[in-house]
Amino acid sequence: MNPWAESVERAGAQRSRLPAPWSVVVTGSRGGGSSPRSSLDSSSEVVALSETLSRLLLSAASSSSHTSPSFRKTRSVAASAKVAALCSELLSRNSKLTPSQLFQPRVNNLTIRPPSPSWAAWCRSFHRLHSTMTAPHIAPILPASSLSPPDSTTRASLSTAASILQSGGLVAFPTETVYGLGASALSESAVRSIYTAKGRPSDNPLIVHVSSRSMLHDLIPGGAAGVPAMYEPLLTKFWPGPLSLIFPFLANSTLSPPKRQVAASVTAGQPSLAIRMPAHPLALALISEADLPLAAPSANLSSRPSPTTAEHVRQDLGTGRGVGAILDGGECAVGVESTVVDFVPSLEEGGLGELRVLRAGGVSAEDLEACLRDAGFGAVEADGTTGRIRVYARDFRSTTLEEAPTTPGMKYKHYSPTNARVVLVRRSIGAALPTLRDLVRITADSSSSPRRVGLMFTDETLALCGPCSATPLTPQCSQLSLSHVSLLDTSFLSYPLGSTLRPLEAAQRLFAGLRYFDSLETEEGGKVGVDLIMVECVEESGLGLAVMERARKAAGGSGELEMRVG
Ligand code: TXA
Ligand code: MG
């Protein structure tokens, strides 16, 4: 079937979506029997389409109430899906067609006029329809189950994904942190299509993913010599792994130019380049099979929670976003993105400089600190504090950084569910503090009752929430499951964050839970999500720092509510 015929079929299926009211005015009289004549100075295919269109209108006009062989009345004919598809097809071939060209003005003595008000507006509505009728590309999900040793399915999926990347296409792939949307970092057009697919602001630079140290060296000025000394122990200890390092990337560097030049859009005009070596075996295999460094942001629509499964990617980018394929490697082990660090040289002669954590992530600040200390980069400050590491928001703030698009997740909205409001809840002790029951009342919005509230609490807190309802919320220790109770006209659904003893669980579940509540369906299949998601604050050490940073952003900086349990 040719593409326009497919459009016609689809439009038929989508009839209810046609802009209403749609009518075509037909005036004239039947009879005369002259054969259709083309008024188009155009290809025979366009003429044929136009004639078909005219005949369709004619038959629609004569099948409406009056079927007299001769009439001179103006008839409104609801544009059928076929008429719409044909008009749209004709206009897509030549957007400058006039009404008299689009319709054969005299087919069997009929004069056909398009509806008012204006031809231009009418064309626009055809075009809008046309765009909804054009087949959206659906990204196939490539299964990749086993890598050691790789089975034949995994090998085939990797080879398909690699060839898509080599021809400048987009492939979403799993990493140990979150799924990435990858494209060749060496191709300007490929990198630009990442921004388009995600709806990402063009001034927000991308991390380049490599599969070997030599690939890293090829990308930075000076090669191996361009790696700051303080990065060496970090590379040894944390690569492959969730650590992105920022390298100076100055055009006028005195170092030798990089062997492989990344596209300008990767750095979005910044004098630095962020690089990481992911630990997921499929990511590494894909990069080396394609033999390309991959620019890859998280594979979500801009501002949505990052994806931790192939299904999350499919929901955001699977249809009509130009993604060539989604490589399915199961759930991501870490669940929050990589830690982004920047080395800042010392201004003092012989000074070692410092490491700034611009985004907390999969490698904790404590582990970075310990690694540097073990490698002889430790420091004891005059005030007795130790360390070479300064964590953004914890140890320092800077308006310049906050306004710069280069600073991860600061300038742009992040991690937001589309439907629900997110509030942070901190478990605390004190008789005067509100209970969950009180919080529900406090946060109630009279317009949206009865409400559905999603709870992302730790297992320990859930266990103590029992008294707030007749049916206690069941703690789901390490297994994810849903509990559902009603209280004060409010339905509670729970997506537990796991045990406080295992902070990795909260990291793994945060994004998945936000997405889960956002896409909840009613029994009838309508999307309703929840009205409110309450996320419990976890301890801000280790991975907890990254979890809280993401949770705060999801809550839009709305602060924390204290809550008494038990
Ligand atoms: O774990 C991760 O890092 C995931 C996976 C796919 O590898 N990627 C990821 O990419 O989170 P993205 O684009 O969603 O976040 C990368 C952040 C951005 O917020 C960007 O501002 C920052 O890193 N970034 C990229 N290049 C930078 C640079 N040259 N200087 C400072 N920040 C940079
Ligand atoms: Mg992201």
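In each ligand, atom 1 is the first atom listed, and ligand 1 is the first ligand listed.
Between the side chain of H209 and the backbone N or O of M277 there is no donor-acceptor pair closer than 3.5 Å. Looking at R155, its side chain does come within 3.5 Å of a backbone N or O of P150 through a donor-acceptor pair. Judged purely by atom type and a 3.5 angstrom limit, Y179 has no side-chain atom pairing as donor or acceptor with the backbone of N300.
Residue I246 approaches ligand 1 through these ligand atoms, each under 4.0 Å from one of its heavy atoms: 30 (N), 31 (C), 32 (N). Listed by number with element, the atoms of ligand 1 under 4.0 Å from a non-hydrogen atom of H209 are 5 (C), 6 (C), 7 (O). Close approach of ligand 1 to G180 is summarised as follows: ligand atoms under 4.0 Å from at least one heavy atom of the residue are 6 (C). Here is the list of ligand 1 atoms found below 4.0 Å of a heavy atom in A274: 25 (C), 26 (N), 27 (C), 29 (N).
Listed here is the closest heavy atom pair of T153 and P143: CG2-CG, 3.7 Å.
With respect to the salt-bridge test (charged N to carboxylate O, under 4.0 angstrom), the residues E176 and R276 qualify. Ion pair R390/E354 flagged as a salt bridge, since at least one NZ, NE, NH1 or NH2 atom sits closer than 4.0 Å to an Asp/Glu carboxylate oxygen. Between R304 and D316 a salt bridge is recorded (basic side-chain N to carboxylate O distance below 4.0 Å). A salt bridge between E337 and R550 is present, with a side-chain N of the basic residue lying under 4.0 Å from a carboxylate O of the acidic one. Salt bridge absent: E540 and R394 never bring a charged side-chain N and a carboxylate O closer than 4.0 Å. Ion pairing between a basic and an acidic side chain is recognised when a charged N comes within 4.0 Å of a carboxylate O; E188 and R192 show such pairing.
Ligand 1 has a nitrogen or oxygen under 3.5 angstrom from a nitrogen or oxygen of R276. Backbone and side-chain nitrogen or oxygen atoms of N204 are examined, and one is located within less than 3.5 angstrom of a nitrogen or oxygen of ligand 1. No N or O atom of S244 sits closer than 3.5 Å to an N or O atom of ligand 1. At a 3.5 angstrom cut-off on N or O pairs, S272 counts as close to ligand 1.
When heavy-atom distances to ligand 1 are checked against a 4.0 Å cut-off, A296 comes that close only through its backbone atoms N, CA, C and O. Looking at E176 against ligand 1, nothing comes within 4.0 Å, counting heavy atoms. Here Q270 has no heavy atoms under 4.0 Å from ligand 1, in either its backbone or its side chain.
Remark: aromatic rings of F343 and F247 are distant, center separation not under 6.0 Å.
Geometrically, R509 does not engage Y495 in a cation-pi contact, judged by NZ or CZ lying under 6.0 Å from the ring centre and within 45° of the ring axis.
Put simply, no part of T267 is less than 4.0 Å from ligand 1, judged by heavy atoms.
Protein atoms of type N, O or S found under 2.8 Å from the Mg ion (ligand 2) total 1.
Residue nearest to atom 2 (C) of ligand 1, selected from S338, P307, G361: S338 (by heavy-atom distance).
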